[in-house]
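As a basis for the values below, the full set of heavy atoms in this structure was taken, side chains included, without hydrogen atoms, waters or symmetry mates.
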Amino acid sequence: MTQVHILFALIRKELMVLLRDVNALASLFFMPILFIIIMSLALKDIYSPPVRGQAYALDVRDKGALADEFVQRWIALRGAPQATPTAPREALRSGALRYIVTIEPTFSEVLSAPNTPSGIQVRLLADPALNISLFSATQAELSGLIGEIRAEALQDRFTGISTKGGQAIRLLVSAERLSLGMHPTAVQQNVPAWLIFGMFFVVNAIANLLVQEHDNGTLARLLTLGVSPGVQLLSKGLPYLIVNAVQAALMLAVGIWLMPLLGGDGLSLAGIHWGSLILLLFTLSIAAVGMALALASVIRTHAQASTIGPILNVLMAALGGVMVPVAIMPTTMQTIAAYSPMNWGLEGLLAVLLRHASPTEILPQALALTGFGAAMLLAAVILFKRRTR
Amino acid sequence: MLRISDLGYQYPHSDKPALDGISLKAERGQVLGLLGPNGAGKTTLISHLAGLLPIQRGQILIDDVPLASVRDVAPTRIAVAPQEYAFYPALSVRENLQCFGAASRLSKKQNETRIAQSLAFTQLERFAGTRAARLSGGLKRRLNLAIALLPSPELVLFDEPTVGVDPQSRAFILDAVKTLAREGTAVIYTTHYMEEIEAIADHAVIMDHGKVLRDGTLTDLLSEGAARLRLIVKNMTPDTVRAQLATVGTTRIEGEYIVVTLNEGISPATAIAAAESAGARIEQLDYGHYNLEHLFMALTQRSLRDE
């Protein structure tokens, strides 16, 4: 029997032990899936705010034709309003209404006058909890609609050519967010993020495993039988590459098939470069398992394994853009994030899923992850040898 | 088979050696009992033999070949039955044996044969499919032994294998150790329990503070100081009594006892008469041969079970 045969026997043992450990299975598979479901549903509106369906009211104080035109078009855009409240601010503070649009009495007069309009003619008052994107979108839409109505009114007045209802101004603008056939959604953003987080969960599992086997003497027993520390480490690491692969498949499946059933957006892998996805997931796994083995080689107790692993995971996730997108971090934090393996993985996965990046395009991230994983594995071998002495 | 010469070892950050010039030997077909309290150096010695610690000083030879060379070529010639339950609780008895059999470099066929033999030897056949975690303490000890025996080792190291087991399981393990020796295996057996050594060992080594205090056949050790009289005298100082007894043997103080190792040809009655003629009023006395505990106390001034 060669060391390779011994390695296979130990890998088989490792997988059998893992399959019988309900807690480990839950933390490795169930928890990350739960994160994806919860975070994707919770953040759904961040990526696609539902502009229609928000409870709002109109307070129209102008009886003019342009005010009437405005109301009709706004209702066409945003749906029917609620009754105008007697105490608007209270209605907003209580959450009964999300926003109120007030049309001032001089609205029609000002908008149809040839001189430069002045004075507030429309007021937007919003619920303090209203999503900032939604608030900005509403504000922009109000401005656009008013501009449109004024342009039509002036054209009608001076040329006699009516363009009412044509929405001509908005038709002049085309806005498209490049996404190669799909729009970034909460699922599209969250599946890669929490997939990476889940893959690094192996730190905790491997650390606990090594502590347990050190304490019960099985590590020493294997050493006594002449099983080298390198083979022992590999026998711990290789099964967790398989675990990572299963995690990735499961979490992608959740994004594709389960999320739409739960009312969320679906993840789409249409048109992606599969080679890029596999390369990135594989190098991510090497990084995660390498780090897990290195940490496991220094951790001495179950208490350490149960605290250090998860805390480190959360810190890396926070720094790496898993919890907070790097784009909205301050510059200093963005610089720090650039050194985080989770960020390398996330940037690479987003490139694969959203920009359909080729293997060459994600090579920097893949190389960085592989280098990190290799350095960690080397550290693990040194530390593990020291530990078994 | 096994020769250890002047073995010394000091752990990093320790100010005294764990092993200090240990020399001993073990032969095939014999049980070498290793006795000593915690901290005596037994586990350090076992760890050396198991290849878990590097040799800092001295030499370990197996059939005149350095241990490191033996371990490079055939590490499974030496097996350890450790004090811990060194197996995987989530796996069944058979799965554990399959795993450690493969790790012992047994081919699939050899592995199956040896598993059957080990199960039979340890009488674990009917528990083969049971998860190790669900075994009783005694059965776990047997599984520990079964794993150690898988590669048919020539030297088996037992590190306190009966700690925390019921009397039945202890008897089983002791029988198994004797059987192994009868079949030609060399056995080193460490324990706190001297009655176990008396029951199974052919040869015993008493260790403390990393040194061998006494090494010999059990018969020699137990007959050492064969004629030993212990007295408690209240009406005279111990030194006065010892002076009176100097003519019948050598004396020393052991707690409140004056211990007299009688000179050849001197009977206990002669010694008692010598003490009484000097006016000593003997309140208590006992006479007899050493058992291992007496010998150990005489050597170390502390009980075997002292920490």
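Counting non-hydrogen atoms of neighbouring residues, nucleotides and ligands closer than 6.0 angstrom, the OH atom of A:Y339 reaches no more than 12 such neighbours. In the displayed structure, A:F29 atom CZ is contacted under 6.0 Å by more than 12 heavy atoms of other residues, nucleotides or ligands. Summarising the local packing, CE of A:M323 is surrounded by more than 12 heavy atoms from other residues, nucleotides or ligands at distances under 6.0 Å.
Within the model, atoms NZ of A:K13 and CG of B:N96 stand 9.5 Å from one another, a figure rounded to the nearest 0.5 Å. Here A:T224 contributes atom OG1 and B:L52 contributes atom CG; the two are 4.0 Å apart, rounded to the nearest 0.5 Å. For the atom pair OH (B:Y85) and OG1 (A:T218), the distance works out to 15.0 Å, reported to the nearest 0.5 Å.
Taking each heavy atom of A:L222 and B:A103 in turn, the nearest pair found is CD2-CB, 3.7 Å. Shortest non-hydrogen contact noted between B:R71 and A:G226 is NH2-N, 3.9 Å. Taking all atoms of both residues into account, the shortest heavy-atom contact from B:C99 to A:L10 is SG-CD2, 3.8 Å. When all heavy atoms of B:L91 and A:R20 are compared, the closest pair comes out as CA-NH1, 3.6 Å.
Between A:D215 and B:E84, the closest side-chain pair of non-hydrogen atoms is not below 4.5 Å. At least one side-chain heavy atom of B:Y88 sits under 4.5 Å from a side-chain heavy atom of A:E213. Using a 4.5 Å heavy-atom cutoff, the side chains of B:P75 and A:L225 are not in contact.
Both the backbone and the side chain of B:I147 come within less than 4.5 Å of a heavy atom of chain A. In this structure, the portions of B:A148 lying under 4.5 Å from any heavy atom of chain A include both its backbone and its side chain. Contact of B:P153 with chain A is not made at all, since no heavy-atom distance falls under 4.5 Å. Using a 4.5 Å cut-off between heavy atoms, B:N111 makes no contact with chain A at all. For B:R131, the part lying near chain A is the side chain, with the backbone staying farther off; criterion is any non-hydrogen pair under 4.5 Å.
Your options are B:A90, B:A50, B:A86, and the one with the most heavy-atom pairs under 4.5 Å with chain A is B:A86.
Taking the side-chain contact (heavy atoms from CB on, under 4.5 Å) definition, one finds that A:I256 meets it with A:L267, A:L269, sequence neighbours left out.
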Let me see the working for B:R105 and A:Q3 under side chain to side chain contact (heavy atoms under 4.5 Å, CB included), right down to the final yes or no.
CA-CA 8 Å; B:R105 294 166 173 75; A:Q3 294 278 340; 3.1 Å; yes
Apply salt bridge (charged side-chain N to carboxylate O under 4.0 Å, His left out) to residues B:E95 and A:R12 and explain how you reach the verdict.
CA-CA 10 Å; B:E95 287 164 346; A:R12 183 168 172 268; over 6 Å; no
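In this structure, A:R221 forms no cation-pi arrangement with B:F87, as its terminal cationic atom is not both closer than 6.0 Å to the ring centre and no more than 45° off the ring axis.
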